[in-house]
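Notes for the one structure printed next.
Remember, it's a predicted structure, so these values are computed and weren't measured experimentally.
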Amino acid sequence: LEELYTPFLNKPMKVEDYKVLEQETAATLLKHYHKVFGGDEKVTGKSFLMLHALEQSIMRLFAVEKKQIQKGNILTILELEQVFEYPLMIEGVGQVFLKGKIDRIDRYNGVLRIIDYKSGKVDPAKLRISDWDVFKGDTKRLPLFQILLYSYVNKAILETEQTLVAGIISFKNMEAYVLPFGIKPEGKSKIVTELNLEILSSFEKMLIGLIQEIFDVSKPFTSLEE
């Protein structure tokens, strides 16, 4: 996806752009398959089925986005595979570095979005919270933790952007397109999907507590049952 989208960076996507993307998908997939696995030019068996399934998943993404643009929505892809290394000073631990790679940052109808791709199914309910304790021991919250971390290390964006949204594109739930983070503030009935510095500050407190717990030698590591 990084290679396919790169020629279209920083300019609004057009319907005809997706015709080019669709035409190049199979060859691009095959090239990256051989880069990882090598082998003969012709792919057969389970590998062929895997590549076909991946191609269909990507095609569904393109179809959904093309439909959004046909409806008059404006999509501009700004960053792909953005690498970050974010220093964070933790009391009792010292300086740690948060490192990762963000799949995609785009702008949709003027709203900046931080997006992570997931090949598996993601439960939209697991992307919504009412308090920060929900992360404790819940492995199905990991995709949410991931996009919040990506947003946190990019919080400086909020100095110039009025709105920031974090979400998941799940290839097993493509009809929904982007599944957004949502929080229900205490005493409120409406779910807020837009990030702000207050939300990211609350995430930071939770993150620091988690890192302190990881470095606490009096607390043993335990496995989480799925």
Are [X] and [Y] packed together at the side-chain level, in the sense that at least one heavy-atom pair is separated by less than 4.5 angstrom?
X    : Y    : answer
Y117 : I168 : no
L112 : T163 : no
L29  : I58  : yes
K118 : K172 : no
N173 : V122 : no

For [X], look at atom [atom1] and say whether over 12 heavy atoms of other residues, nucleotides or ligands are found less than 6.0 Å away.
X    : atom1 : result
H34  : NE2   : yes
Q162 : CD    : no
F215 : CZ    : no
E198 : CD    : no
E16  : CD    : yes

Roughly how far, to the nearest 0.5 Å, is [atom2] of [Y] from [atom1] of [X]?
X    : Y    : atom1 : atom2 : answer
D17  : L4   : CG    : CG    : 12.5 Å
F135 : L210 : CZ    : CG    : 10.0 Å
I147 : I114 : CD1   : CD1   : 9.0 Å
I115 : I169 : CD1   : CD1   : 5.0 Å
L144 : D116 : CG    : CG    : 11.0 Å
L54  : H32  : CG    : NE2   : 12.0 Å

### Task
Could you walk me through whether K190 and K184 pass the side-chain contact (heavy atoms from CB on, under 4.5 Å) test, one step at a time?
CA-CA 6 Å; K190 189 177 180 182; K184 188 177 178 182; over 6 Å; no
Do you know which two heavy atoms are closest between [X] and [Y], and how far apart they sit?
X    : Y    : value
V165 : P180 : CG1-CB, 4.3 Å
P87  : Q95  : CB-NE2, 3.5 Å
S218 : P220 : O-CD, 3.6 Å
S170 : G120 : OG-O, 2.9 Å
A125 : R141 : O-NH1, 3.6 Å
F221 : I214 : CZ-O, 3.8 Å

Do [X] and [Y] share a hydrophobic cluster, counting only Ile, Leu, Val, Met, Phe, Trp and Tyr and linking them when any side-chain heavy atoms are less than 4.5 Å apart?
X    : Y    : value
I77  : I102 : no
I191 : L200 : no
L78  : L61  : no
V192 : L164 : yes
I183 : L158 : yes

### Query
Any idea how F181 and W132 line up, ring-wise: parallel (<30°), tilted (30 to 60°), or perpendicular (>60°)?
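Ring orientation of F181 relative to W132: parallel.
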### Message
Under the rule for side-chain contact (heavy atoms from CB on, under 4.5 Å), what residues qualify as partners of I69, not counting sequence neighbours?
### Response
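For I69, the residues satisfying side-chain contact (heavy atoms from CB on, under 4.5 Å) (neighbours in sequence not counted) are M13, V15, Y18.
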### Query
What residues, two or more places apart in sequence or in another chain, satisfy side-chain contact (heavy atoms from CB on, under 4.5 Å) together with D133?
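If we apply the side-chain contact (heavy atoms from CB on, under 4.5 Å) test to D133, skipping adjacent residues, the hits are D131, K136.
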### Query
Only one of E2, E65, E81 clears salt bridge (Lys or Arg N to Asp or Glu O under 4.0 Å) with R104; which?
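Of E2, E65, E81, salt bridge (Lys or Arg N to Asp or Glu O under 4.0 Å) with R104 is met by E65 alone.
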### Task
Determine, stepwise, if the pair T76 / D106 fulfils side-chain contact (heavy atoms from CB on, under 4.5 Å).
CA-CA 6 Å; T76 305; D106 66 24; over 6 Å; no
### Message
Quick one, K101 with D103, criterion salt bridge (charged side-chain N to carboxylate O under 4.0 Å, His left out). Give me CA distance, side-chain angles, the key distance, then yes/no.
### Response
CA-CA 6 Å; K101 188 184 289 186; D103 286 339; over 6 Å; no
### Task
With side-chain contact (heavy atoms from CB on, under 4.5 Å) as the test, would you mind laying out the steps for Y152 and L88 before giving the verdict?
CA-CA 11 Å; Y152 170 72; L88 186 62; 3.3 Å; yes
### Query
Quick one: does NZ or CZ of R60 land under 6.0 Å from the six-membered ring centre of F171, within 45 degrees of the ring axis?
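R60 over F171 ring: no.
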Strictly distance-based, threshold 3.5 Å: is any side-chain N or O of [X] a donor or acceptor partner for the main-chain N or O of [Y]?
X    : Y    : answer
N109 : I74  : yes
T25  : L21  : yes
Q212 : I90  : no
N154 : I157 : no

### Task
Decide if the gap between the ring center of F48 and the ring center of Y33 is smaller than 6.0 angstrom.
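Ring centroids of F48 and Y33 are no less than 6.0 Å from each other.
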#### Entry: Side-chain ion pair, D123 and K126, N-O less than 4.0 Å
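No, no charged N to carboxylate O under 4.0 Å.
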#### Entry: Pair R107-E161, salt bridge (charged side-chain N to carboxylate O under 4.0 Å, His left out): steps then yes or no
CA-CA 11 Å; R107 192 179 296 279; E161 293 287 332; 2.8 Å; yes
### Query
Taking atom types as modelled, is there a side-chain donor on Q68 or Y108 under 3.5 Å from an acceptor on the other?
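Distance-only check passes for Q68 and Y108.
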### Task
For the pair L149 and L207, evaluate side-chain contact (heavy atoms from CB on, under 4.5 Å) and give the outcome as yes or no after the intermediate values.
CA-CA 9 Å; L149 178 66; L207 177 64; 4.1 Å; yes
